[in-house]
Amino acid sequence: MTQNLENTLKVAHQAFEYFIHGMETGEWNLFLDMLTEDFTFWFPMGKFHGLNVGKERAQEFFQYVTQAFTPGLKLTSLDCVTSNETTVVFEFRDEGKLFGEPYKNRVAVSFDVREDKICGYREYFGSDGKSN
């Protein structure tokens, strides 16, 4: 394993831990602190659909996530981690309540790593259906 790949995996795994913490608690500061100033993210729907640029826009997005998923989302399984020298993709399942309604999902998030920061994020998902 090359040193670049090792660093990419280390940084991405730390960011993913902070990301899950944010999903579960609504506390995003640890994750936001890992983002570069020129951070970009892509989201597949809603008011954040498409490419978004900047740490401030990311903070708005994760505040929205917290509002939508109060009291938080719970990671139920980490299904796969795939990586290369600059990008790590985490495939997982989560569940909780979306605006008060039961929610289950299958998600893939991609973190682009530059040195010891996350410079890019992309999210892809498909519903597992509602919890009964």
Side-chain angles (χ1 to χ4, degrees):
M1 189 180 313
T2 69
Q3 189 167 352
N4 282 348
L5 181 55
E6 286 178 29
N7 185 66
T8 296
L9 283 167
K10 179 181 156 213
V11 170
H13 275 278
Q14 182 65 71
F16 188 69
E17 264 186 52
Y18 293 158
F19 177 81
I20 296 303
H21 175 77
M23 284 181 17
E24 292 178 349
T25 67
E27 298 168 5
W28 292 99
N29 288 340
L30 292 171
F31 181 72
L32 291 169
D33 287 347
M34 289 195 72
L35 307 182
T36 61
E37 291 303 320
D38 63 344
F39 176 78
T40 62
F41 70 96
W42 186 88
F43 193 71
M45 63 182 288
K47 72 182 202 176
F48 293 94
H49 178 260
L51 182 65
N52 296 266
V53 178
K55 223 171 159 172
E56 191 173 302
R57 183 73 171 158
Q59 188 170 9
E60 292 173 29
F61 172 71
F62 290 112
Q63 284 287 341
Y64 174 78
V65 168
T66 297
Q67 293 167 357
F69 292 103
T70 299
L73 280 170
K74 178 82 175 141
L75 178 80
T76 58
S77 69
L78 178 58
D79 298 333
C80 185
V81 178
T82 307
S83 64
N84 65 25
E85 295 277 327
T86 59
T87 302
V88 179
V89 178
F90 298 88
E91 297 176 46
F92 61 94
R93 296 170 195 236
D94 58 14
E95 63 182 50
K97 293 199 182 238
L98 173 60
F99 296 112
E101 295 294 319
Y103 170 90
K104 282 183 167 183
N105 209 355
R106 297 181 73 137
V107 182
V109 295
S110 173
F111 292 147
D112 295 329
V113 176
R114 184 185 321 132
E115 297 171 6
D116 63 345
K117 298 276 188 182
I118 303 300
C119 62
Y121 167 89
R122 289 172 301 285
E123 183 168 333
Y124 310 92
F125 53 81
S127 178
D128 263 357
K130 292 187 176 185
S131 301
N132 291 330

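Side-chain atoms are counted along with the backbone in the values below, which use heavy atoms only and exclude waters and symmetry mates.
The distance from atom CZ of F31 to atom CE of M23, rounded to the nearest 0.5 Å, is 11.0 Å. Rounding to the nearest 0.5 Å places CD of E95 at 10.5 Å from OH of Y103. Distance CG/N4 to CG/L9: 11.0 Å, rounded to 0.5 Å.
Residues satisfying the side-chain contact (heavy atoms from CB on, under 4.5 Å) test with D33, not counting sequence neighbours, are none. With sequence neighbours excluded, the residues satisfying ring pair (Phe, Tyr, Trp, His ring centres under 6.0 Å) with H13 are F90. Residues passing the salt bridge (charged side-chain N to carboxylate O under 4.0 Å, His left out) test with D116: none are found, sequence neighbours excluded. Judged as a side chain to side chain donor-acceptor pair (under 3.5 Å), and not counting sequence neighbours, the contacts of E123 are Y121. Under the rule for a side chain to side chain donor-acceptor pair (under 3.5 Å), S83 has no partner lying at least two apart in sequence or in another chain. Take E24 and apply the side chain to side chain donor-acceptor pair (under 3.5 Å) test, not counting sequence neighbours, and it matches no residue. Checked against salt bridge (charged side-chain N to carboxylate O under 4.0 Å, His left out), D94 has no partners two or more places apart in sequence or in another chain. For T36, the side chain to side chain donor-acceptor pair (under 3.5 Å) partners at least two apart in sequence or on another chain are D38. Scanning for salt bridge (charged side-chain N to carboxylate O under 4.0 Å, His left out) contacts around K55 gives E37, with sequence neighbours left out. Under the side-chain contact (heavy atoms from CB on, under 4.5 Å) criterion, E27 pairs with H21, T25, not counting sequence neighbours.
Across every non-hydrogen atom of F111 and I118, the tightest pair is CB-CD1, 4.0 Å. Nearest heavy atom pair, residue P44 against residue H49, reads O-CD2, 2.9 Å. The two residues A12 and V113 come nearest to each other via the heavy atoms CB-CG2, 4.2 Å. Smallest separation of non-hydrogen atoms from V81 and L78: CG2-CD2, 4.0 Å. Contact detail for F43 and M45: the closest heavy-atom pair is CD2-O, 3.1 Å.
Using a 4.5 Å heavy-atom threshold, the side chains of D112 and R122 count as touching.
Residues W42 and V88 fall into different hydrophobic clusters, defined by Ile, Leu, Val, Met, Phe, Trp and Tyr side chains chained together at heavy-atom separations under 4.5 Å. In the hydrophobic clustering of this structure, L32 groups with V11; members are Ile, Leu, Val, Met, Phe, Trp, Tyr whose side-chain heavy atoms approach within less than 4.5 Å, directly or through other members. Under the 4.5 Å side-chain heavy-atom criterion for Ile, Leu, Val, Met, Phe, Trp and Tyr, L51 and F125 are members of distinct hydrophobic clusters. Hydrophobic clustering of Ile, Leu, Val, Met, Phe, Trp and Tyr side chains at less than 4.5 Å, counting indirect connections, keeps Y124 apart from V109.
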What pairs of donor and acceptor atoms, side-chain ones from residues 59-66 against any protein atom, are under 3.5 angstrom apart with sequence neighbours left out?
unit_1, atom_1, unit_2, atom_2, d
E60, OE1, R57, NH1, 3.3
T66, OG1, W28, NE1, 2.8
T66, OG1, F62, O, 3.1

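In this structure, N52 contributes its side chain and F48 its backbone to a donor-acceptor pair below 3.5 Å. T8 places a side-chain N or O within 3.5 Å of a backbone atom of E85 that can act as its donor or acceptor partner. A donor-acceptor pair is defined here as one N or O able to donate and one able to accept, closer than 3.5 Å; no such pair exists between the side chain of N105 and the backbone of V107.
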Y18 and M34: CA distance, side-chain angles, deciding distance, side-chain contact (heavy atoms from CB on, under 4.5 Å) verdict | CA-CA 9 Å; Y18 293 158; M34 289 195 72; 3.4 Å; yes

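Aromatic ring centroids of F92 and F16 lie under 6.0 Å apart.
For residues 73-82, the side chain to side chain donor-acceptor pair (under 3.5 Å) pairs, not counting sequence neighbours, are S77-D79, D79-R93.
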